Amino acid sequence: MTDTAPAAGSPGGALAAAGLRLHIDGAVATITLARPERRNAMTGRTWTELARIGRTLPDTVRVVVVAGDGPSFSAGIDLAMFSPAGVEGERSLHSLVGAGPEQRAAFDAVIAEFQAGFTWLRRPDIVSVAAVRGHAIGAGFQLALACDLRVVAEDAAFCMKEAAFGLVPDLTGTKPLVDLVGLPRALELCLTARTVSAAEARELRLAEVVVPGAELDAAVSDLTAALLAVPADTASAVKALLSQAQGNTLEQQAGAERAAQIDRFNALAGAAVEGGPG
Ligand code: ACO
């Protein structure tokens, strides 16, 4: 069992400065948004640190749970990032504004770094689970969407608020949102910035499981145990196969199934297949 210590200058110190905690227990890593006094508002450092967690995750980890301390999963971007000065110790977004190609490229690189904190949660070697209680607003909603599965408390409240600030959702949330709820509903949710309750989230397929708040941790543990009951390489193969289904034609997907199944049979047969029938 590993709990990162929040000593200054250590990885734990970097985590704490990013408003995060990381706890690794065998095959399960739990990332906790840990700024409840700010409703787990996130800054650029939160996202670059999330990306670092993804890069350095031990390969024994198979399930990654993303949760939040306190009453909210996350109130989204730290509103200080919208101020000209930005967040202390971090590059101000205002300093990146400019229409020239060099300025655009620099801004693009910064957003790409932020997005890397989200995209790794879809890697085939892990299954990621968002445990959402209370508000998941803007970047918080996108972080929940970045996970493969969402287990939510009855008080969960999702809101894609970016357009209300004159912005677009840019932390990789638009694709999973459209994939899950369809284009018309995604458009309605993003443009109205209205709040989606847990019950509606389940109807819209934004939540796999909805439970009373007191049962959230137990529901996540049960799901984690069930996910771990399947062998690791099988789980990766199934996730890789399902993940490409929407982008494939039926014929392409059938081919992908054949290729994956042949790999499975070969892996299961092991040395016997390698040695051949003779
Ligand atoms: N950034 C910085 N500080 C925040 C944020 C945020 N996004 N959200 C909350 N806080 C702070 C509040 O200012 C408050 O600080 P204070 O104690 O110094 O006054 C503290 O967190 C607690 O917030 P409350 O509003 O008192 O908490 P409450 O539980 O009543 O409401 C809620 C929670 C609904 C999340 C509310 O705080 C809120 O609407 N926050 C702003 C959400 C937002 O607009 N996010 C940006 C979305 S767009 C994007 O993410 C790209």
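Given the structure is predicted, the values throughout are model-derived calculations rather than measurements. Just follow the structure's listing: the first ligand is 1, and inside any ligand the first atom is 1.
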Could you tell me whether the side chain of R133 and the main chain of A156 form a donor-acceptor pair under 3.5 Å?
no
Under the salt bridge (charged side-chain N to carboxylate O under 4.0 Å, His left out) test, which residues partner R205, sequence neighbours left out?
none
Can a donor-acceptor pair be found, under 3.5 Å and without considering hydrogens, that links the side chain of R150 to the backbone of L206?
yes
Taking atom types as modelled, find out whether S236 and D125 have a side-chain donor-acceptor pair closer than 3.5 angstrom.
no
Can you run down the ring-ring contact (aromatic ring centres under 6.0 Å, His included) pairs that involve residues 199-227, sequence neighbours left out, and say none if there aren't any?
none
What residues, two or more places apart in sequence or in another chain, satisfy ring pair (Phe, Tyr, Trp, His ring centres under 6.0 Å) together with F141?
F158
Sub-3.5 Å pairs, protein N or O with ligand 1 N or O:
{"residue": "ligand 1", "atom": "1 (N)", "partner": "L79", "partner atom": "N", "Å": "3.0"}
{"residue": "ligand 1", "atom": "7 (N)", "partner": "A75", "partner atom": "O", "Å": "3.2"}
{"residue": "ligand 1", "atom": "7 (N)", "partner": "I77", "partner atom": "O", "Å": "2.9"}
{"residue": "ligand 1", "atom": "13 (O)", "partner": "R38", "partner atom": "NH1", "Å": "3.4"}
{"residue": "ligand 1", "atom": "15 (O)", "partner": "R38", "partner atom": "NH1", "Å": "2.7"}
{"residue": "ligand 1", "atom": "18 (O)", "partner": "R38", "partner atom": "NH1", "Å": "3.4"}
{"residue": "ligand 1", "atom": "18 (O)", "partner": "R38", "partner atom": "NH2", "Å": "3.4"}
{"residue": "ligand 1", "atom": "21 (O)", "partner": "E37", "partner atom": "O", "Å": "3.3"}
{"residue": "ligand 1", "atom": "27 (O)", "partner": "R39", "partner atom": "NE", "Å": "3.2"}
{"residue": "ligand 1", "atom": "27 (O)", "partner": "R39", "partner atom": "NH2", "Å": "3.4"}
{"residue": "ligand 1", "atom": "29 (O)", "partner": "R39", "partner atom": "NE", "Å": "2.9"}
{"residue": "ligand 1", "atom": "29 (O)", "partner": "R39", "partner atom": "NH2", "Å": "3.4"}
{"residue": "ligand 1", "atom": "44 (O)", "partner": "K161", "partner atom": "NZ", "Å": "3.0"}
{"residue": "ligand 1", "atom": "45 (N)", "partner": "A75", "partner atom": "O", "Å": "2.7"}
{"residue": "ligand 1", "atom": "50 (O)", "partner": "I77", "partner atom": "N", "Å": "2.8"}
{"residue": "ligand 1", "atom": "50 (O)", "partner": "A139", "partner atom": "N", "Å": "2.8"}

